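What follows is a single structure, written as structure tokens, with notes after it.
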Amino acid sequence: MQTLVPVITIDGPSGTGKGTIAQRLARHLRWHFLDSGVLYRVVAIGAAMHGIAESDTGALSDFARQMRVVFSSEFESSITLEGMEIAALVRTEEAGAKASIIATQAPLRSALLQRQHDFRQAPGLIADGRDMGTVVFPDASIKFFLTASAEIRAERRHKQLINKGVNVSLRTLLNDIQVRDERDSLRLAAPLRQALDAILIDTSGMSVDEVFSQVITQVGRLNS
Ligand code: DC
């Protein structure tokens with residue numbers, strides 16, 4: 001039965017390391033992985049490809065329900081939308097910003113709900129996003145909420161982009177992060193917030209290994 005498949009949710013703003021931790025946990029447990037932000041990013045890209053306005057909620061929701069999106073592996077090395085490879089586009093700052101704008105629309109969020117639930121397959125699912133523990137999988141076995149200061153998140157993103165050869169100022173990134181946080185947290189539909197029963201981890205002064213070890217300790221408690 002679908003409801004018996006366990007889910008662990010990892011929510012929080014971007015740049016907290018939640019994507020890295022969620023993927024690592026999925027590999028460690030050999031569970032499935034859902035990066036829900038990618039779905040919003042794919043809709044944003046698809047809308048641009050089809051000339052759908054960001055404000056056209058009806059058309060966006062129809063597109064979200066019908067789009068043919070294929071993840072070649074659960075870890076997103078390849079993502080095709082209607083047969084076109086879009087993995088590189090999905091990861092751009094622009095796609096993230098557009099995703100955040102369209103994600104404020106409740107009908108679009110409802111249209112993506114079933115797709116997210118479909119990822120709940122045995123033996124279990126690690127779900128990464130903003131509203132995984134609050135809205136999409138409120139019955140998750142264990143919920144994490146990762147935070148870090150906006151300055152630290154901007155510095156992390158800056159390092160990643162510089163390593164990729166993308167030149168962007170730290171100030172611009174910090175500003176983008178603050179705008180996105182505000183929009184994601186203040187929207188009426190499924191805003192970014194910590195579930196009452198989520199475990200809070202502030203990753204500001206922590207390495208990925210340290211965060212992972214805290215997460216694993218909590219997950220271990222679940223099974224004991
Ligand atoms: O995690 P991300 O950067 O890929 O997410 C991009 C945007 O998508 C994010 O700013 C808000 C939206 N999003 C959302 O509203 N709900 C989710 N569960 C995941 C992402």
Side-chain angles (χ1 to χ4, degrees), residues 8-46 48-49 69-81 84-103 126-130 132 144-185 192 200-216:
I8 296 176
T9 58
I10 307 188
D11 287 307
S14 55
T16 52
K18 74 188 159 72
T20 308
I21 296 295
Q23 288 198 18
R24 201 156 149 183
L25 187 59
R27 286 202 166 99
H28 180 84
L29 296 174
R30 294 173 196 261
W31 282 15
H32 298 280
F33 172 62
L34 164 63
D35 178 347
S36 56
V38 165
L39 293 176
Y40 290 91
R41 286 170 183 256
V42 170
V43 174
I45 291 166
M49 276 164 45
V69 54
V70 179
F71 302 91
S72 76
S73 81
E74 293 205 39
F75 298 103
E76 299 161 3
S77 44
S78 160
I79 304 170
T80 59
L81 175 63
M84 189 194 280
E85 179 57 58
I86 57 160
L89 270 180
V90 161
R91 286 285 142 229
T92 60
E93 299 297 304
E94 198 188 342
K98 281 191 176 157
S100 165
I101 292 170
I102 61 170
I126 307 298
D128 159 356
R130 302 287 188 293
M132 298 295 98
F144 292 98
F145 192 85
L146 269 48
T147 60
S149 72
E151 287 73 16
I152 287 200
R153 290 188 281 130
E155 274 168 28
R156 287 176 182 160
R157 187 71 186 135
H158 192 238
K159 262 192 208 148
Q160 275 177 356
L161 289 173
I162 295 289
N163 285 341
K164 277 204 248 166
V166 180
N167 203 359
V168 54
S169 88
L170 186 58
R171 217 193 156 94
T172 306
L173 281 176
L174 179 59
N175 185 54
D176 290 353
I177 281 181
Q178 285 166 333
V179 168
R180 188 124 79 93
D181 280 0
E182 194 171 299
R183 192 166 43 225
D184 291 350
S185 309
L192 167 66
L200 176 67
I201 303 179
D202 185 340
T203 69
S204 294
M206 295 169 76
S207 67
V208 173
D209 284 348
E210 284 167 336
V211 179
F212 189 65
S213 124
Q214 274 205 18
V215 165
I216 281 292

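Because the structure is a prediction, the values reported are computed rather than measured.
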(request) Mind checking the CZ-CG spacing from Arg156 to Leu173? Nearest 0.5 Å is all I need. (result) 14.0 Å

(request) Decide yes or no for Phe33 and Leu25: does some side-chain heavy atom of the first lie under 4.5 Å from some side-chain heavy atom of the second? (result) no

(request) To the nearest 0.5 Å, tell me how far Arg183 CZ sits from Leu192 CG. (result) 12.5 Å

(request) Working to the nearest 0.5 Å, report the span between CG of Leu146 and CD of Gln214. (result) 9.0 Å

(message) Does atom CD (Gln160) have a neighbourhood of more than 12 heavy atoms from anything else shown, all under 6.0 Å?
(response) yes

(request) Supply the atom-to-atom distance Thr203 OG1 to Glu210 CD, rounded to the nearest 0.5 angstrom. (result) 10.5 Å

(message) Contact between Val179 and Asp176 at the side-chain level, heavy atoms closer than 4.5 Å - yes or no?
(response) no

(request) List the atom of Phe212, the atom of Ile21, and the distance in Å for their closest heavy-atom pair. (result) N-CD1, 3.7 Å

(request) Supply the atom-to-atom distance Tyr40 OH to Ile101 CD1, rounded to the nearest 0.5 angstrom. (result) 15.0 Å

(request) Please report the shortest heavy-atom distance between Ser78 and Glu85, naming the atom on each side. (result) OG-OE1, 2.7 Å

(request) Apply side chain to side chain contact (heavy atoms under 4.5 Å, CB included) to Glu182 and list each qualifying residue two or more places apart in sequence or on a separate chain. (result) Leu186

(request) May I ask you to test the Leu34-Ile126 pair for a side-chain heavy-atom distance under 4.5 Å? (result) no

(request) Let me see the working for Phe145 and Ile201 under side-chain contact (heavy atoms from CB on, under 4.5 Å), right down to the final yes or no. (result) CA-CA 6 Å; Phe145 192 85; Ile201 303 179; over 6 Å; no

(request) Return the minimal non-hydrogen interatomic distance between Ala148 and Ser204, and the atom names on each side. (result) CA-OG, 3.3 Å

(request) Please report the closest heavy-atom contact between Gly129 and Ser36, naming both atoms and the distance. (result) CA-OG, 3.3 Å

(message) Less than 4.5 Å apart, side chain to side chain, heavy atoms only: is that true for Thr80 and Val69?
(response) no

(message) Please enumerate all residues that pass side-chain hydrogen bond (donor to acceptor under 3.5 Å, both in side chains) together with Thr172, with sequence neighbours excluded.
(response) Ser169

(request) Before accepting this row, confirm whether a basic side-chain N of the pair Asp181/Arg153 lies closer than 4.0 Å to the acidic partner's carboxylate O. (result) yes

(request) Applying side-chain contact (heavy atoms from CB on, under 4.5 Å), run through Leu200 and Thr147 and close with a yes or a no. (result) CA-CA 8 Å; Leu200 176 67; Thr147 60; 3.8 Å; yes

(request) Count the heavy atoms of every other residue, nucleotide or ligand shown that sit under 6.0 Å from CE of Met84, and state whether that count exceeds 12. (result) no

(request) Please step through side-chain hydrogen bond (donor to acceptor under 3.5 Å, both in side chains) for the pair Arg180 and Ser100, ending with a clear verdict. (result) CA-CA 7 Å; Arg180 188 124 79 93; Ser100 165; 5.2 Å; no

(request) Hey, could you give me the CD1/CG distance between Ile177 and Leu170, rounded to the nearest 0.5 Å? (result) 9.0 Å

(message) Regarding Lys159 and Glu155, does a basic nitrogen lie under 4.0 Å from an acidic carboxylate oxygen?
(response) no

(message) Within the 4.5 Å heavy-atom criterion, are Val90 and Leu81 side-chain neighbours or not?
(response) no

(message) Quick check: do Ile162 and Asn167 have side-chain heavy atoms less than 4.5 Å from each other?
(response) yes

(message) Using side-chain contact (heavy atoms from CB on, under 4.5 Å), reason through Leu161 and Glu93 one step at a time and then give a plain yes or no.
(response) CA-CA 10 Å; Leu161 289 173; Glu93 299 297 304; 4.0 Å; yes

Would you tabulate the side-chain donor-acceptor contacts of residues 8-18 under 3.5 Å, counting partners in other chains and residues two or more places apart, or write 'none'?
from: Asp11; atom 1: OD1; to: Arg130; atom 2: N; distance (Å): 3.1
from: Asp11; atom 1: OD1; to: Asp131; atom 2: N; distance (Å): 3.3
from: Asp11; atom 1: OD1; to: Met132; atom 2: N; distance (Å): 2.9
from: Asp11; atom 1: OD2; to: Met132; atom 2: N; distance (Å): 3.2
from: Asp11; atom 1: OD2; to: Gly133; atom 2: N; distance (Å): 2.8
from: Thr16; atom 1: OG1; to: Pro13; atom 2: O; distance (Å): 3.1
from: Lys18; atom 1: NZ; to: Asp128; atom 2: OD1; distance (Å): 2.9

(message) Any non-hydrogen side-chain atom of Lys98 less than 4.5 Å from a side-chain atom of Ile102?
(response) no

(message) To check you understand the geometry: which heavy-atom pair defines the closest contact between Ala95 and Ala44, and what is its length?
(response) O-CB, 4.4 Å

